[in-house]
Amino acid sequence: MSIIFSWLLLSLAIAITAWILPGVRVRGAGALLAAAAVLGIINALIWPILFWITVPITVLTLGLFALILNALLVLLAAKIVPGFKVDSFWWAIAFSVILAIINAVLHAIIY
């Protein structure tokens with residue numbers, strides 16, 4: 001039940017973030033749930049591998065490359081999920097930062 005609840009909470013966070021940012025669009029509840037699922041899978045499977053591969057450049061950039069990596073993975077999710085659109089790399093960076101903040105706030109309120 002915890003996974004489903006986290007998935008729905010991430011869906012809510014994505015909906016709020018897409019509502020805030022004009023460069024991010026989600027068409028319908030199906031696309032919203034699919035985007036949350038794909039982002040969850042990407043963050044669980046692909047993110048750790050890419051993070052460990054890019055540790056040297058992340059250290060050299062004082063952690064800023066992790067933000068770039070997040071944006072690239074958001075763009076990957078936008079390519080995979082029909083109905084989830086991110087206009088540019090900069091909107092993907094803004095999306096990942098605001099999504100992290102909203103997700104943390106929602107988790108702090110709920111848990």
Side-chain angles (χ1 to χ4, degrees):
M1 193 63 156
S2 177
I3 292 174
I4 294 173
F5 188 70
S6 294
W7 175 48
L8 292 174
L9 207 58
L10 179 60
S11 298
L12 178 61
I14 291 172
I16 293 169
T17 306
W19 180 71
I20 291 171
L21 295 175
V24 178
R25 289 177 302 286
V26 180
R27 285 190 182 162
L32 183 65
L33 293 172
V38 169
L39 279 173
I41 291 168
I42 285 173
N43 283 335
L45 300 177
I46 298 173
W47 164 255
I49 295 167
L50 290 178
F51 179 76
W52 282 109
I53 290 172
T54 60
V55 163
I57 193 165
T58 303
V59 170
L60 285 174
T61 61
L62 302 175
L64 290 177
F65 190 75
L67 187 62
I68 292 170
L69 190 58
N70 261 346
L72 292 174
L73 293 177
V74 166
L75 289 173
L76 174 65
K79 290 285 185 190
I80 293 172
V81 178
F84 176 54
K85 302 292 179 204
V86 180
D87 286 343
S88 69
F89 176 75
W90 298 108
W91 284 118
I93 287 178
F95 178 82
S96 64
V97 169
I98 293 173
L99 180 67
I101 292 168
I102 291 173
N103 204 20
V105 168
L106 288 176
H107 276 280
I109 291 171
I110 301 298
Y111 290 115

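All heavy atoms count here, side chains included; hydrogens, waters and symmetry mates do not. Please read all numbers here as calculations on a predicted model, not as lab measurements. Position 1 is the first residue of the sequence; numbering continues from there.
- Atoms CG and CD1, from Leu72 and Ile93 in turn, are 8.0 Å apart once rounded to the nearest 0.5 Å.
- In this structure, CD1 in Ile98 is found 13.0 Å from CG in Asn103, a value given to the nearest 0.5 Å.
- Here the closest non-hydrogen pair linking Ala78 and Val86 is CB-CG2, 3.9 Å.
- Looking at heavy atoms from C-beta onward, Leu99 lies out of side-chain contact with Asn70 at the 4.5 angstrom threshold.
- Two different hydrophobic clusters hold Ile53 and Leu75 under the rule that ILVMFWY side chains link at heavy-atom gaps under 4.5 Å.
- The two atoms that bring Ser96 and Val74 nearest to each other are CB-CG2, 4.2 Å, heavy atoms only.
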Output side-chain donor-acceptor pairs under 3.5 Å for residues 9-20, partner residues at least two apart or in another chain, one line each.
unit_1	atom_1	unit_2	atom_2	d
Ser11	OG	Trp7	O	2.9
Thr17	OG1	Ala13	O	2.7

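- Side-chain contact check for Phe84 versus Val24: some heavy-atom pair is nearer than 4.5 Å.
- Proximity of Phe5 to Ile110: side-chain heavy atoms (C-beta onward) are separated by under 4.5 Å at one or more points.
- In this structure Arg25 satisfies the salt bridge (charged side-chain N to carboxylate O under 4.0 Å, His left out) test together with Asp87, sequence neighbours excluded.
- Across Ala71 and Ala92, no two heavy atoms sit closer than the pair O-CB, 3.6 Å.
- The distance from atom CZ of Phe51 to atom OG1 of Thr54, rounded to the nearest 0.5 Å, is 6.5 Å.
- Distance CG/Leu39 to CD1/Ile80: 9.0 Å, rounded to 0.5 Å.
- Side-chain atoms of Leu64 and Ile68, non-hydrogen and from C-beta on, never get closer than 4.5 Å to each other.
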